[in-house]
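Below: the structure, in structure tokens.
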4 protein chains.
Amino acid sequence: MDKKELIRQSAAEVFSKEGYYSTTVKMIAAEANIAVGTIYIYFKTKEEILDYIFDVEHNKRIQYFEGLQEHSLGIIEVIESFLDYHFNELQENPSISKVLVQEDLSPLMSKTKNMRTYSSKLPDMLAEMLKKAQENGQIGNIDAPIVARLIFQLIKGSVYISQEKKEVNWQNEVKSQIISLITKGIQN
Amino acid sequence: MDKKELIRQSAAEVFSKEGYYSTTVKMIAAEANIAVGTIYIYFKTKEEILDYIFDVEHNKRIQYFEGLQEHSLGIIEVIESFLDYHFNELQENPSISKVLVQEDLSPLMSKTKNMRTYSSKLPDMLAEMLKKAQENGQIGNIDAPIVARLIFQLIKGSVYISQEKKEVNWQNEVKSQIISLITKGIQN
Amino acid sequence: MDKKELIRQSAAEVFSKEGYYSTTVKMIAAEANIAVGTIYIYFKTKEEILDYIFDVEHNKRIQYFEGLQEHSLGIIEVIESFLDYHFNELQENPSISKVLVQEDLSPLMSKTKNMRTYSSKLPDMLAEMLKKAQENGQIGNIDAPIVARLIFQLIKGSVYISQEKKEVNWQNEVKSQIISLITKGIQN
Amino acid sequence: MDKKELIRQSAAEVFSKEGYYSTTVKMIAAEANIAVGTIYIYFKTKEEILDYIFDVEHNKRIQYFEGLQEHSLGIIEVIESFLDYHFNELQENPSISKVLVQEDLSPLMSKTKNMRTYSSKLPDMLAEMLKKAQENGQIGNIDAPIVARLIFQLIKGSVYISQEKKEVNWQNEVKSQIISLITKGIQN
DNA sequence: TATGAATGAGTTTTCATTCAT
DNA sequence: GATGAATGAAAACTCATTCAT
């Protein structure tokens with residue numbers, strides 16, 4: 001397997017369990033079954049690993065989002081689709097999702113470029129879509145940029161809420177409640 | 001002024017600017033104009049300071065919440081009141097609010113007992129109120145515990161969204177959009 | 001004893017035995033019987049310790065030199081005096097003298113500011129004195145700046161030559177040969 | 001070109017710019033356009049490369065010196081010849097000369113055998129010649145071993161002095177001042 | 001021979017915590 | 001109680017050296 005990829009996944013695994021700051025590079029190396037030095041062949045600093053995790057995941061989401069736009073779906077369906085994607089990822093890659101949410105929610109914590117860049121790109125894309133839906137009369141009179149951000153807060157928050165109970169039913173319930181809240185919330 | 005209180009506020013100030021892990025005890029001492037050693041008279045560890053910040057703030061909020069219950073307000077008014085309280089705090093004590101949200105959102109990150117305890121207490125209280133409102137027919141058919149949690153995610157998220165622009169108008173707009181989203185979202 | 005002074009001397013001791021690069025901060029701490037961390041209270045980096053050693057020693061020499069100028073001595077006496085001072089230091093503080101010479105001779109090695117600044121100041125002062133002596137007809141037709149530098153090379157070199165044999169007689173002989181070489185060398 | 005020779009020159013190039021300790025084996029490999037592993041086919045350790053540079057250069061000088069002896073020149077001419085050789089090398093192979101002088105001047109720094117061996121061999125040969133010249137009455141009453149060493153200090157020092165200005169004139173002036181200083185210095 | 005990814009011991013530096021004053 | 005110098009464990013990161021290809 002590609003070493004960089006191995007490191008990315010191992011790092012996410014440990015970050016999600018311990019948090020970025022409590023994770024040592026040695027831990028990541030142990031998780032990946034490689035030597036510390038090897039990590040530094042692929043990444044200049046520990047922070048760069050976190051950056052890379054964001055890079056990859058955000059790009060995946062942005063691409064997914066862009067893909068959605070081509071299908072001329074209603075705004076509700078778009079949000080629903082994205083939530084599906086999100087919950088799917090959460091189940092398949094719980095560690096990476098957790099890292100993504102965890103660190104993204106503390107923008108004050110890290111000064112990394114990537115994190116800042118991405119953390120507004122996705123909401124901005126959604127805002128754009130909300131605006132169009134508004135012009136089409138699909139949804140009510142809302143402040144698109146703010147509501148877009150609120151929606152992402154709900155999506156991110158779902159990671160924590162999901163964690164409280166492990167049952168699949170709970171996760172589905174969380175998703176359906178978010179959908180319901182948003183659907184009704186953006187109507188006129 | 002009470003030393004413990006001085007430390008709490010100074011710590012919150014620095015935590016909010018630098019994040020918990022990047023803050024050194026020396027920085028807190030400098031901010032408080034006292035010696036490092038003094039901090040260790042009032043707190044056993046650095047983590048205990050963070051704990052204490054949570055302790056105080058959560059208690060304030062819980063008390064405020066309990067106070068609200070006595071006034072037999074409608075659920076929407078309760079939420080609105082709490083949001084008022086929250087945004088007021090955000091303006092008066094931006095640093096403490098930021099710390100509260102920042103570190104609370106990463107339950108995975110810190111192993112502190114207090115934080116875990118509190119982070120579900122407030123949602124549980126709100127869930128209780130939502131349930132009653134539901135029984136009264138005030139609101140629609142929702143999953144109270146989940147929705148309560150989602151509402152708190154929105155409140156927490158508002159700290160970040162508020163930060164994007166400094167204007168008071170923006171803050172008011174954020175608040176009103178949250179209210180609107182929730183109000184419509186929990187109707188039948 | 002002053003801690004900074006203790007560190008300076010301990011560092012010089014180890015540097016002189018092992019060389020700057022082969023010396024670890026742990027070694028310095030061990031030599032000084034203190035903890036590594038203590039060193040970092042007084043110095044920001046390992047390099048700063050070297051810098052400080054230079055700072056102190058060069059300043060001593062510059063002051064000594066300036067003191068000599070007030071006594072309106074002949075140029076030969078000045079050089080002789082400085083050599084006396086130099087050999088005296090060499091005997092009393094062999095480690096510091098060695099470090100001084102060792103690292104000063106490798107200007108390419110360290111990019112430190114102090115070292116560069118000082119390493120030409122002393123020769124420049126001597127050049128000035130040589131020039132005046134020349135104008136007075138005390139000495140012959142030489143290129144003052146170059147000869148000043150050559151004289152310092154001889155002085156520095158004497159540290160190594162002195163090391164070959166430990167006998168005091170050898171050291172005296174080295175000194176007297178340097179004096180003789182210079183005295184005759186700068187005559188007409 | 002011979003690989004070992006290529007490595008020697010590339011290493012000298014980098015050593016002269018960065019100093020021995022700040023040079024990594026990777027840098028040498030990059031300079032030579034070969035792989036790190038290749039270096040370890042020809043040299044067992046990094047130190048051995050430095051050793052080899054000394055080896056080659058000292059041998060060149062010793063051979064040159066031995067060649068001089070066959071021409072039954074006067075001592076002054078011998079020194080002058082050697083200086084010519086030295087300054088010529090300095091212009092043609094500045095990097096190697098710098099390394100030679102830089103690292104050789106710190107016998108305390110490296111524990112290498114070769115360096116120690118050579119650093120006294122050349123002075124010893126010169127001392128021998130001085131002694132004979134003394135017996136012939138060519139020069140005055142000096143301490144041959146010491147003066148021989150002082151002469152080499154001047155030669156080595158010239159590398160640094162030469163560096164201060166790039167003009168050829170300056171280099172010539174340095175050489176002529178050294179000759180003059182020695183010539184007059186060893187007369188009776 | 002030649003390669004360069006992998007190794008891990010060893011380095012500098014930081015910082016929570018202690019304790020003599 | 002208050003101080004802040006001292007501590008040393010632990011962190012991030014480096015780099016000479018090895019070895020499978």
Side-chain angles (χ1 to χ4, degrees), chain A residues 2-4 6-7 18 20-30 32-49, chain B residues 2-4 6-7 18 20-30 32-50, chain C residues 2-4 6-7 20-30 32-49, chain D residues 2-4 6-7 20-30 32-50:
Chain A
D2 180 27
K3 276 280 160 62
K4 196 168 183 182
L6 170 67
I7 295 167
E18 308 285 339
Y20 176 74
Y21 279 102
S22 299
T23 296
T24 69
V25 179
K26 251 189 176 161
M27 284 177 188
I28 300 173
N33 266 317
I34 57 175
V36 254
T38 307
I39 291 177
Y40 285 91
I41 295 173
Y42 299 92
F43 297 95
K44 257 202 286 298
T45 62
K46 179 185 161 190
E47 202 179 358
E48 217 177 60
I49 306 174
Chain B
D2 179 26
K3 276 277 164 65
K4 196 168 181 181
L6 170 66
I7 295 167
E18 309 285 338
Y20 175 74
Y21 280 99
S22 299
T23 296
T24 69
V25 179
K26 254 192 174 157
M27 284 176 186
I28 301 173
N33 267 316
I34 58 175
V36 258
T38 309
I39 290 177
Y40 283 87
I41 295 170
Y42 298 92
F43 296 93
K44 254 203 286 298
T45 64
K46 178 185 164 190
E47 201 176 2
E48 217 177 59
I49 305 174
L50 184 59
Chain C
D2 178 28
K3 274 283 159 63
K4 195 169 182 180
L6 169 66
I7 295 167
Y20 175 74
Y21 280 102
S22 299
T23 297
T24 69
V25 179
K26 247 188 178 164
M27 285 176 187
I28 301 173
N33 264 318
I34 57 175
V36 256
T38 308
I39 291 177
Y40 284 89
I41 296 172
Y42 298 92
F43 297 93
K44 257 199 287 296
T45 62
K46 179 185 162 190
E47 200 178 358
E48 217 178 60
I49 305 174
Chain D
D2 181 24
K3 276 276 163 69
K4 195 168 184 181
L6 170 66
I7 295 168
Y20 174 74
Y21 279 100
S22 299
T23 295
T24 68
V25 179
K26 253 193 176 157
M27 284 176 187
I28 301 173
N33 267 316
I34 57 175
V36 259
T38 308
I39 290 177
Y40 282 87
I41 295 170
Y42 298 93
F43 296 94
K44 253 203 286 300
T45 64
K46 178 185 164 190
E47 202 176 2
E48 215 176 62
I49 306 174
L50 184 59

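In this text the structure is predicted, and so the values were computed from the model without any measurement. We name chains A, B, ... by the order of the sequence lines, and we start the count at 1 in each one.
In this structure, Ile7(C) atom CD1 and dA5(F) atom P are separated by 13 Å, rounded to whole Å. Rounded to whole Å, the distance from OH on Tyr21(A) to C1' on dC15(E) is 14 Å. Between the CG atom of Asp2(D) and the P atom of dT1(E) there is a distance of 10 Å, rounded to whole Å. Ile28(D) places its CD1 atom 12 Å from the P atom of dC15(F), with the value rounded to the nearest Å. Here dG8(F) presents its C1' atom at 12 Å from CD1 of Ile41(C), a figure rounded to the nearest Å.
Not one N or O on the side chain of Tyr21(C) forms a donor-acceptor pair closer than 3.5 Å with the backbone of Tyr20(D).
Phe43(D) comes within 4.0 angstrom of no nucleic acid atom, judged by non-hydrogen atoms across all strands. Residue-level contact check: Thr24(B) touches the backbone only, with heavy atoms under 4.0 Å from sugar-phosphate atoms and none from bases.
Judged as a side-chain contact (heavy atoms from CB on, under 4.5 Å), and not counting sequence neighbours, the contacts of Lys4(A) are Asp2(A), Tyr42(A), Phe43(A), Tyr52(A). Checked against side-chain contact (heavy atoms from CB on, under 4.5 Å), Val25(D) has the following partners two or more places apart in sequence or in another chain: Val36(D), Ile39(D), Tyr40(D), Lys46(D).
Residue whose closest nucleotide on DNA chain E sits further toward the 5' end, between Lys3(A) and Thr38(C): Lys3(A). Mapping Ile39(C) and Tyr42(B) onto DNA chain F by nearest heavy atom places Tyr42(B) at the nucleotide closer to the 5' end.
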Can you tabulate the close N/O pairs, meaning under 3.5 Å, that link protein atoms to atoms of nucleotides 17-21 of chain E?
{"from": "dT17(E)", "atom 1": "OP2", "to": "Tyr40(B)", "atom 2": "OH", "distance (Å)": "3.0"}
{"from": "dT17(E)", "atom 1": "OP2", "to": "Lys46(B)", "atom 2": "N", "distance (Å)": "2.9"}

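For the pair Ile7(A) and Ile34(A), the minimum side-chain heavy-atom distance is below 4.5 Å.
With a 3.5 Å limit on both pairing distances and Watson-Crick or G-U wobble geometry required, the stems of 3 or more pairs in DNA chain F span E:2-21 with F:2-21.
Residues Ala35(D) and Ala29(D) approach most closely at C-CB, 4.0 Å, considering heavy atoms.
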